[in-house]
There are 2 protein chains.
Amino acid sequence: MKKPLRPAAKAVRPSALQAESLRQTRREHASETAEDYVEAIADLSASQGEARVVDLARRLGVTHVTVNRTLARLQREGFVSVQPYRAIFLTPTGLKLAEECQHRHRVVVAFLRSLGISEKIAEIDAEGIEHHVSPETLAALARHTHR
Amino acid sequence: MKKPLRPAAKAVRPSALQAESLRQTRREHASETAEDYVEAIADLSASQGEARVVDLARRLGVTHVTVNRTLARLQREGFVSVQPYRAIFLTPTGLKLAEECQHRHRVVVAFLRSLGISEKIAEIDAEGIEHHVSPETLAALARHTHR
DNA sequence: CTCAAAGTGTAGCCAAGGCTACATTGTGTA
DNA sequence: TACACAATGTAGCCTTGGCTACACTTTGAG
Ligand SMILES: [Mn+2]
Ligand SMILES: [Mn+2]
Ligand SMILES: [Mn+2]
Ligand SMILES: [Mn+2]
């Protein structure tokens with residue numbers, strides 16, 4: 001033991017809540033890759049007609065090797081359907097997630113823009129923030145976006 | 001080649017910007033652990049008088065093993081000073097970072113609260129969002145926080 | 001039709017950050 | 001003071017997600 005006499009100083013943020021918040025953030029990080037991939041696949045499918053490994057690599061800023069391995073995991077988890085040398089398709093589950101992500105992304109960007117943030121910085125910040133916005137906060141952001 | 005005739009459909013979000021945003025988000029993730037650790041060490045030092053491995057583990061929601069290995073990295077990177085079986089101290093660099101993080105954390109929480117988000121959800125969301133807020137956005141959030 | 005180049009796949013490396021199981025050290029209490 | 005137990009440290013496992021280097025497949029230009 002180390003501080004048996006100290007009167008258990010009142011915690012500013014109780015450790016339990018703090019720990020739970022950080023656990024939640026880590027959970028969000030775990031789904032973040034999936035979200036960015038399905039969003040990119042949906043965007044590319046819409047604008048290019050199909051999503052290919054090279055397009056994804058360029059768009060995600062990683063090598064095609066990383067894309068390949070990640071797609072294997074996303075297929076295992078049921079978000080995408082991949083066949084060798086073919087274009088990449090979203091499953092119904094993947095499409096649903098993609099649409100949620102596109103929506104969240106748009107809401108966050110619009111909100112930042114309405115605060116006076118430049119297009120470019122809004123895009124950069126949104127790319128990280130979008131994964132950590134709860135439904136409550138998302139609704140509040142939409143509500144407080146001055147068009 | 002795969003679509004030589006298609007007129008290179010106008011990209012909604014150009015891949016280059018998209019890729020740069022995602023790279024930035026990944027850079028932020030790399031510093032995220034350091035930020036949460038130094039912030040926790042500063043908080044614990046203030047409220048308890050010192051920061052010990054078990055306290056950090058409880059507060060961060062991980063095992064003491066994870067804390068130990070991470071502290072070794074943070075020491076290597078110059079943020080903390082660790083000696084076996086002793087309390088953990090921030091270096092001047094670490095303390096500066098901790099203060100920035102505490103400030104950013106407070107600004108984000110206050111902003112969310114001012115949007116009507118509950119204390120608990122504000123804490124949870126802020127724990128993730130704080131690492132992806134640029135100086136411009138941080139200033140805008142502070143400016144738009146209705147006290 | 002051919003074949004070079006683009007696209008795709010894979011082997012194997014690395015670091016971060018989780019974990020369990022077990023060994024070692026420190027210390028307050030009996 | 002001894003020693004039980006809390007705290008700390010360490011060995012070794014796993015997954016994710018980066019990478020380079022190299023091999024294989026597809027395809028459109030000539
Ligand atoms: Mn993103
Ligand atoms: Mn996005
Ligand atoms: Mn955080
Ligand atoms: Mn924080």
Side-chain angles (χ1 to χ4, degrees), chain A residues 1-6 15 19 22-38 40-41 44 48-77 79-89 128 131, chain B residues 1-6 15 19 22-37 40-41 44 48 50-77 79-89 128 131:
Chain A
M1 262 136 289
K2 60 180 193 298
K3 15 187 177 51
L5 300 178
R6 196 128 24 88
S15 281
L22 286 160
R23 266 189 266 256
Q24 176 63 28
T25 301
R26 287 195 293 272
R27 272 190 296 272
E28 287 158 358
H29 283 159
S31 35
E32 182 160 340
T33 305
E35 295 187 353
D36 286 334
Y37 271 68
V38 297
I41 293 167
L44 286 168
Q48 313 278 95
E50 60 181 21
R52 312 285 319 202
V53 171
V54 269
D55 303 324
L56 276 175
R58 184 166 30 243
R59 158 87 176 232
L60 297 167
V62 296
T63 64
H64 79 280
V65 183
T66 300
V67 170
N68 253 333
R69 203 178 5 61
T70 303
L71 286 176
R73 177 171 72 79
L74 294 184
Q75 166 144 275
R76 177 163 37 91
E77 294 174 354
F79 294 108
V80 304
S81 163
V82 185
Q83 284 170 295
Y85 297 98
R86 307 294 306 274
I88 296 135
F89 292 102
H131 309 283
Chain B
M1 258 135 295
K2 62 178 192 298
K3 14 183 175 55
L5 300 180
R6 195 124 28 86
S15 282
L22 285 159
R23 268 190 265 254
Q24 176 63 28
T25 301
R26 287 194 294 270
R27 272 190 296 273
E28 287 158 357
H29 282 160
S31 35
E32 182 159 340
T33 305
E35 296 187 352
D36 286 334
Y37 271 68
I41 293 167
L44 286 169
Q48 313 278 95
E50 61 181 21
R52 311 284 319 202
V53 171
V54 268
D55 303 324
L56 276 175
R58 183 167 29 245
R59 160 86 175 232
L60 297 167
V62 297
T63 65
H64 79 279
V65 183
T66 300
V67 170
N68 253 333
R69 203 182 359 62
T70 304
L71 286 175
R73 177 171 72 80
L74 295 184
Q75 166 144 274
R76 177 162 40 90
E77 293 173 355
F79 294 110
V80 305
S81 164
V82 185
Q83 283 171 296
Y85 296 98
R86 307 296 304 275
I88 297 135
F89 293 101
H131 309 284

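Chain letters run A, B, ... following the sequence lines, proteins first, then strands; residues in each count from 1.
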Give me the atom names and distance for the closest heavy-atom approach of A:L71 to A:V80. O-CG2, 3.8 Å

Closest to the B:T66 side chain, choosing from D:dG9, C:dT8, C:dG18: C:dG18

For A:Y85 and for B:T70, find the nucleotide of DNA chain C with the closest heavy atom, then tell me which residue's nucleotide is more 5'. A:Y85

How would you label the contact of A:R69 with the nucleic acid (heavy atoms, under 4.0 Å): base, sugar-phosphate, or nothing? base

At under 4.0 Å between heavy atoms, what does B:V65 touch on the DNA or RNA strands: base, sugar-phosphate, or nothing? base

Just the rounded figure in Å: distance from P of C:dG17 to CG of B:L71. 12 Å

Please state whether the base of C:dG7 and the side chain of A:H64 form at least one donor-acceptor pair under 3.5 Å? no

Within this structure, what is the CZ-to-C1' distance between B:R58 and D:dT8, rounded to whole angstrom? 14 Å

Looking only at D:dG18, C:dT8, D:dG9, the nucleotide nearest the A:N68 side chain is C:dT8

When rounded to whole Å, the CG to P distance for the pair A:L60 and D:dC19 reads 11 Å

Can you tell me how far P of D:dG18 sits from CD of A:E32, to the nearest Å? 10 Å

Sugar-phosphate, base or nothing in reach of B:R76, heavy atoms under 4.0 Å: sugar-phosphate

B:H29 NE2 to D:dT16 P, straight-line distance once rounded to whole Å: 16 Å

Validation row, ring centre B:H131 to ring centre B:H29 under 6.0 Å: no

Could you check whether B:T33 gets within reach of a base, just the sugar-phosphate, or nothing at all, counting any heavy atom under 4.0 Å? sugar-phosphate

With DNA chain D as reference, determine whether A:P84 or A:A30 sits nearer its 5' end, using the nearest nucleotide of each. A:A30

Between B:R26 and B:E28 (salt bridge meaning N to carboxylate O under 4.0 Å), is one present in this structure? no

Closest nucleotide among C:dG9, D:dG17, C:dC19 to the A:R73 side chain: D:dG17

With a 4.0 Å limit, can you tell me whether A:R52 has a side-chain N or O closer than that to the phosphate oxygens OP1/OP2 of C:dT8? yes

note: A:R86, atom CZ; C:dA6, atom P; distance rounded to Å ~ 22 Å

Can you check the B:Q83 CD to C:dT25 P distance for me, whole Å? 16 Å

Among the nucleotides C:dT20, D:dG18, C:dG9, whichever has the atom closest to the side chain of B:T63 is C:dT20

Contact under 4.0 Å: B:R26 side-chain N or O vs D:dG17 OP1/OP2: no

Minimum side-chain heavy-atom gap A:F79-A:I41 below 4.5 Å: no

With a 4.0 Å cut-off on heavy atoms, is A:V53 in touch with a base, just the backbone sugar-phosphate, or nothing at all? sugar-phosphate

Whole angstrom is fine here: how far is it from CG in B:L22 over to P in D:dT16? 19 Å

In terms of heavy-atom contacts, does CZ of A:R86 have more than 12 from other residues, nucleotides or ligands at under 6.0 Å? no

Mark yes or no for whether B:T66, through its side chain, and B:V62, through its backbone, hold a donor-acceptor pair below 3.5 Å. no

The nucleotide from C:dC19, D:dG9, C:dG7 with an atom nearest the side chain of A:V54 is C:dG7

